[in-house]
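Let me begin by presenting the structure, written as structure tokens, before commenting on it.
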Amino acid sequence: MSPGMPSRSDHNLPRMIITIDGPAGTGKSTVAHQLAKRLGLEFLDTGAMYRAAALVALDAKIDPTDGLTLASAVERIDMHFTWSADPPRLLLGDRDVSQRIRDLDVSEVVSIVAGQGELRRTLVAWQRRIAEAHRRLVSEGRDQGSVVFPEADLRFYLDADLAIRAQRRARQLVDAGMQVSRDRIERDILQRDRMDESRADGPLVRPQGAIVVDTGHRNVDQVVTELATIAHRQLPDFGLDP
Ligand code: DC
């Protein structure tokens, strides 16, 4: 695993981290990526790292509950982001897996993989190394403001009603050519929320001091504008793009 070459563009600006956590279906990834662009920061998608670990488990036929074996396989593999791309792409060796990690088989196993303490410790250490090299970052996930970067300069927690999250998920599935009942989707989301909230390591929580933002009845642009306004107000001396 490699943190990537330090970015040169932000040498003279202060180091800073904005974290964005929250459950699935709140539009977190899109919002985090857009916010990073608007403020002139880099973007780290930590869910992609857990998804890539799940793909490693599938490819190498590692039992997804065997955290020790999986953590050591992930440590050995050349997993890295290409930071010149926007958003950064995730590679295993020279194989770009950015799309592959969104497939159903990966999605089905990733919650189990993300529940393994040994693997979480490996990925958390990698995330911190990335933040050393990429000093001005919007980092998005489930435990970024609580566990990985509790000293973050600004912490957000995005949330939305279950029905709205299910509706967004249904739209994604229809776009991908799949038909699944709304009931089934709501049950899946609830089950995933429970797994995320109840695991011993890095559970999904509202980090202390996090600003909670409901994304339910607003589009991405409106949410990004609200977050950017808060960032400008709270971090006036950090050289954020206007
Ligand atoms: O955000 P996502 O759907 O790409 O996340 C994939 C999985 O990884 C999901 O089960 C939650 C988990 N995850 C996690 O446990 N910790 C993170 N920091 C990010 C994601």
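Numbers here are sequence positions counted from 1. We count ligands from 1, going down the list as the structure has it; atoms in each ligand are counted the same way.
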The residue among Asp201, Asp21, Asp196 that forms salt bridge (Lys or Arg N to Asp or Glu O under 4.0 Å) with Arg142 is Asp196

Is there any N or O on Asp45 that sits under 3.5 Å from an N or O of ligand 1?
no

Quiz item: Should Arg102 be listed as contacting ligand 1, given a heavy-atom distance under 4.0 Å as the test?
Solution: yes

TODO: Work out whether the distance between some heavy atom of Gln127 and some atom of ligand 1 is less than 4.0 Å.
DONE: no

Q: State, without any angle test, whether Arg199 and Ser111 hold a side-chain donor-acceptor pair at a distance under 3.5 Å.
A: no

Under 4.0 Å from one or more heavy atoms of Ala114, ligand 1 contributes atoms 12 (C), 15 (O)

Checklist line | Phe238 reachable from Ile230 in the ILVMFWY side-chain graph, under 4.5 Å edges | finding: yes

message: Less than 4.0 Å is my threshold; does some heavy atom of Met195 fall inside it relative to ligand 1?
response: no

Counting heavy atoms under 4.0 Å, the part of Arg51 that contacts ligand 1 is side chain

Residue, atom and distance of the protein heavy atom nearest atom 7 (C) of ligand 1 read Val110 CG2, 3.6 Å

Looking only at side chains, do Glu140 and Ser29 share a donor and an acceptor under 3.5 Å apart?
yes

Under 4.0 Å between heavy atoms, the region of Met49 that gets near ligand 1 turns out to be neither

Please say yes or no: joined through hydrophobic side-chain contacts below 4.5 Å, possibly via intermediate residues, are Leu91 and Ile77 part of one cluster? no

(Q) Other residues, nucleotides and ligands only: do more than 12 of their heavy atoms fall within 6.0 Å of CZ on Arg184? (A) no

Legend entry - ligand 1 N/O within reach of Thr46 N/O, cut-off under 3.5 Å: yes

**Prompt:** Looking at ligand 1, does any of its N/O atoms fall within less than 3.5 Å of an N/O of Arg142?
**Reply:** yes

Notebook entry, point to check: Regarding Ser98 and Arg51, is there a side-chain donor-to-acceptor distance under 3.5 Å anywhere?
Noted result: no

Practice prompt. State whether the shortest distance between N or O atoms of Asp143 and N or O atoms of ligand 1 falls below 3.5 angstrom.
Written response: yes

Quick note on ligand 1: atoms under 4.0 Å from a heavy atom of Gln144 include exactly 18 (N)

Any donor-acceptor N or O pair under 3.5 Å, side chains Thr122, Glu75 = yes

Closest to atom 20 (C) of ligand 1 among protein heavy atoms sits Gly47 CA, 3.6 Å

**OP:** Could you establish whether Ser111 and ligand 1 come within less than 4.0 Å of each other, counting only heavy atoms on the residue side?
**Re:** yes

Rounded to the nearest 0.5 Å, the CD1 atom of Ile164 sits from the CG atom of Asp159 at a distance of 10.5 Å

Atom 8 (O) of ligand 1 has as its nearest protein heavy atom Tyr50 CB, 3.5 Å

Residue, atom and distance of the protein heavy atom nearest atom 16 (N) of ligand 1 read Arg120 NH2, 3.0 Å

Neighbour count above 12 (heavy atom, 6.0 Å) for Glu151 CD: yes

